[in-house]
Protein chains: 2
Amino acid sequence: MAKSTARIGRKQLPPATITLKHVAERAGVSPITVSRVINTPDAVSENLREKVAVAIEALGYVPNRVAGALASAKSRVVPIIVPSLSNIVFLEVIQGAQDVLDAAGFQLLLGDTQFDLEREQALANTLLGWSPAGMIIAGLRHTERTRAMLRSWHRPVVEVMEYGARPIDMNVGLSHYKAGDAMGEHLVSRGYRNIAFVGARLKADYRATQRFKGLERCLKRHGLLCRPPFSQDAISSVELGGDALMRLLDMDKKLDAIFFANDDLAIGAILRAQREGIAVPKRIAIAGFNGLSLGPLVQPSLTTIMSPRQRIGQIAATKLLARIHGRDSGAATVDVGFSLREGGST
Amino acid sequence: MAKSTARIGRKQLPPATITLKHVAERAGVSPITVSRVINTPDAVSENLREKVAVAIEALGYVPNRVAGALASAKSRVVPIIVPSLSNIVFLEVIQGAQDVLDAAGFQLLLGDTQFDLEREQALANTLLGWSPAGMIIAGLRHTERTRAMLRSWHRPVVEVMEYGARPIDMNVGLSHYKAGDAMGEHLVSRGYRNIAFVGARLKADYRATQRFKGLERCLKRHGLLCRPPFSQDAISSVELGGDALMRLLDMDKKLDAIFFANDDLAIGAILRAQREGIAVPKRIAIAGFNGLSLGPLVQPSLTTIMSPRQRIGQIAATKLLARIHGRDSGAATVDVGFSLREGGST
DNA sequence: CTGAAAGCGCTTACAG
DNA sequence: CTGAAAGCGCTTACAG
């Protein structure tokens with residue numbers, strides 16, 4: 001309309017888009033100096049630093065992260081890719097990572113694969129388009145293309161949850177195989193001889209399957225029968241654990257112990273047994289995996305394996321930051337281990 | 001070293017950074033056409049679209065989201081700001097939002113304020129530097145600057161969790177005040193007359209305080225004594241609920257019911273009562289808030305108020321997307337309501 | 001439907 | 001310690 005209106009750039013900008021240039025003008029310095037004050041303040045004399053800080057404050061300048069990321073080909077963003085957000089376990093890892101990254105001024109970008117490795121590949125691909133500073137990804141199993149892509153990316157990548165050989169870059173987790181074996185040992189030592197393993201969607205949840213494999217090895221070592229794992233095609237939940245308990249007791253009269261793939265299922269089984277008047281561990285022993293805080297509070301208290309999930313997230317983020325900042329990041333792989341917590345349920 | 005090496009731009013790029021230009025060259029079209037094929041394929045003839053698609057595939061081109069965001073001043077990213085990641089309630093909202101946004105090709109950027117409104121302001125400020133397409137933020141209470149900043153941003157913002165007047169833009173939630181009142185009505189109707197409210201860090205958790213205010217109004221209406229809320233300075237947890245139960249029973253012999261600020265606390269109280277041999281609801285009735293799936297499984301089953309947390313996230317994300325895409329987003333505010341689930345604990 | 005030009009707001013690499 | 005120039009990889013706005 002008004003011909004006289006000055007055109008800034010190609011469109012009518014509301015006057016409120018404050019850029020580096022505006023700050024520089026106000027402070028009477030060049031834009032690069034402003035950039036330095038923000039990113040590497042030690043490289044600027046105190047005199048100018050002060051002037052620039054005043055101008056930033058006065059104008060309410062907010063750096064455009066996007067422009068910075070484009071120019072430098074990196075951003076203060078770290079994607080974390082997990083199989084699912086409906087599982088408390090991954091959320092705790094995210095929480096641990098968030099604590100550390102946030103304190104360092106990094107933002108977490110969330111991705112979930114729905115336990116689908118092809119989706120994971122597409123997601124990782126897209127997320128790399130954000131020029132992240134590094135990446136955290138759950139698991140050691142990925143498509144070959146995902147592995148190749150992340151490896152040739154040449155930025156820090158931490159694979160979390162399970163501990164194992166040949167990570168893409170760094171790895172923080174625990175051996176689910178050993179954990180399964182340890183629980184098997186515990187059950188056998190307590191005198192149980194007919195032990196079942198119960199999970200949910202075991203095909204997708206290969207870490208749970210590794211726990212089963214560990215149990216299997218243990219039972220074989222003791223010359224005991226190892227039943228095939230009982231897997232239900234539903235999202236793991238407390239209800240599901242109770243249902244599984246009832247079905248198994250009905251199907252297999254000799255059963256004297258159940259090792260559930262996780263605490264949700266196991267707690268569901270204990271609560272269900274309570275309601276049905278089934279004696280735990282007398283009629284059936286129950287064990288879980290994860291070490292949720294509810295475990296010690298149910299009756300009988302749950303025997304389970306504690307995995308340090310938040311710590312996994314924290315360690316992963318700490319190693320990532322060390323590498324991003326060019327500091328020593330310590331060992332490339334960390335086995336955070338696990339511990340068995342004996343409760344009254346076995 | 002090798003003088004003959006061509007310099008592309010200012011540094012030696014590894015040959016593997018495929019850009020729009022490379023795709024355009026290979027397809028024999030201009031870069032803008034490639035851009036259109038990616039962003040608005042309908043605006044390109046099928047002939048060229050096909051050629052470009054082939055080139056993209058052949059080169060394994062991944063669009064640089066950062067460059068796109070800078071050029072267009074918007075990105076397919078949506079920050080979600082919540083008070084805490086250690087609370088399952090917010091995680092479920094995040095999950096609901098993620099489901100919807102992910103399906104639409106948007107990425108979620110995570111921020112937590114640790115229940116600090118100043119931190120929230122700084123976080124919102126930083127996150128705007130990512131040129132997000134919209135924002136989801138928990139709560140209706142923010143600093144005046146945060147409100148002004150988001151309002152003048154002129155992009156869709158959804159405030160979630162509680163429902164109330166004067167949102168910044170859109171609002172999806174429920175009335176915690178009414179929910180507290182409703183639980184009060186239930187308890188009074190069941191014959192309880194000495195009712196306490198128990199929470200954790202109520203100063204920070206103002207939504208829990210609103211539930212207390214609702215209870216207070218109800219008790220006054222019935223001419224009953226309303227005790228001050230009992231708040232503990234620790235993160236809400238199952239253990240804490242059990243401890244609070246024991247302390248209150250000891251402090252206040254007349255007490256016949258406790259309304260806990262959330263289900264974690266209430267379930268902890270029920271489990272503790274069970275272990276201590278305290279009769280629920282005979283000696284003391286227990287009620288919660290949230291509707292966690294564990295509630296119906298403990299003994300006695302928990303009376304609680306169900307809040308549709310995942311749905312809040314889904315609705316918020318859906319409205320955001322509608323506005324982003326210029327479609328009708330429906331009502332600016334949505335009261336998702338709540339429902340009281342009667343269990344055996346009252 | 002297609003393209004040449006200009007620009008988004010920063011940072012890199014160089015020079016002084 | 002400070003700055004002028006060039007460029008990051010896209011998209012906008014315009015023209016045809």
Return the set of residues passing side chain to side chain donor-acceptor pair (under 3.5 Å) with A/Asn87 (not counting sequence neighbours), or none when no residue passes.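 Counting only residues at least two positions away or on another chain, A/Asn87 forms no side chain to side chain donor-acceptor pair (under 3.5 Å).
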Rounded to whole angstroms, how far apart are [atom1] on [X] and [atom2] on [N]?
| X | N | atom1 | atom2 | answer |
| --- | --- | --- | --- | --- |
| A/Asn64 | D/dC10 | CG | P | 17 Å |
| A/Leu20 | C/dC8 | CG | P | 13 Å |
| A/Leu70 | C/dC8 | CG | C1' | 9 Å |
| B/Lys21 | C/dA5 | NZ | P | 12 Å |
| A/Tyr61 | C/dC10 | OH | P | 3 Å |
| A/Glu25 | C/dG9 | CD | P | 13 Å |
| B/Arg36 | C/dA4 | CZ | P | 11 Å |
| B/Ile32 | C/dC1 | CD1 | C1' | 12 Å |

First encountered from the 5' end of DNA chain C, between B/Asp42 and B/Ala67: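 Result of the comparison: B/Asp42.
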Short of 4.0 Å, heavy atom to strand atom, which residues of residues 44-51 of chain A count as contacting DNA chain D? A/Val44, A/Ser45, A/Leu48
Could you tell me whether a side-chain N or O of [X] sits under 3.5 Å from a main-chain N or O of [Y], the two making a donor and an acceptor?
| X | Y | answer |
| --- | --- | --- |
| A/Ser84 | A/Phe115 | no |
| B/Arg119 | B/Asp112 | yes |
| B/Thr143 | B/Thr146 | yes |

Would you please enumerate the stems DNA chain C participates in, each stem being three or more consecutive Watson-Crick or G-U wobble pairs with both distances under 3.5 Å? C:1-3 with D:14-16, C:5-12 with D:5-12, C:14-16 with D:1-3
With a 6.0 Å cut-off (strictly less than), is the heavy-atom count around [atom1] of [X], excluding the residue itself, greater than 12?
| X | atom1 | value |
| --- | --- | --- |
| B/Arg151 | CZ | yes |
| B/Arg327 | CZ | yes |
| B/Gln114 | CD | yes |

Got a second to check how far A/Glu120's CD is from A/His142's NE2, nearest 0.5 Å? 5.5 Å
In Å and rounded to the nearest 0.5 Å, what is the CG to NZ distance from A/Asp328 to A/Lys319?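 These two atoms lie 8.0 Å from each other.
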Among D/dG3, C/dC10, C/dG3, which nucleotide sits nearest the side chain of A/Thr33?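 Output: D/dG3.
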Look at A/Ser35 and C/dC10 and indicate whether a side-chain polar atom (N or O) is within less than 4.0 Å of OP1 or OP2.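 So the side chain of A/Ser35 is outside the cut-off, no N or O lying under 4.0 Å from OP1 or OP2 of C/dC10.
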OP1 or OP2 of D/dG3 versus the side-chain N and O atoms of A/Ser30: is any pair under 4.0 Å?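 Affirmative; the distance criterion is met.
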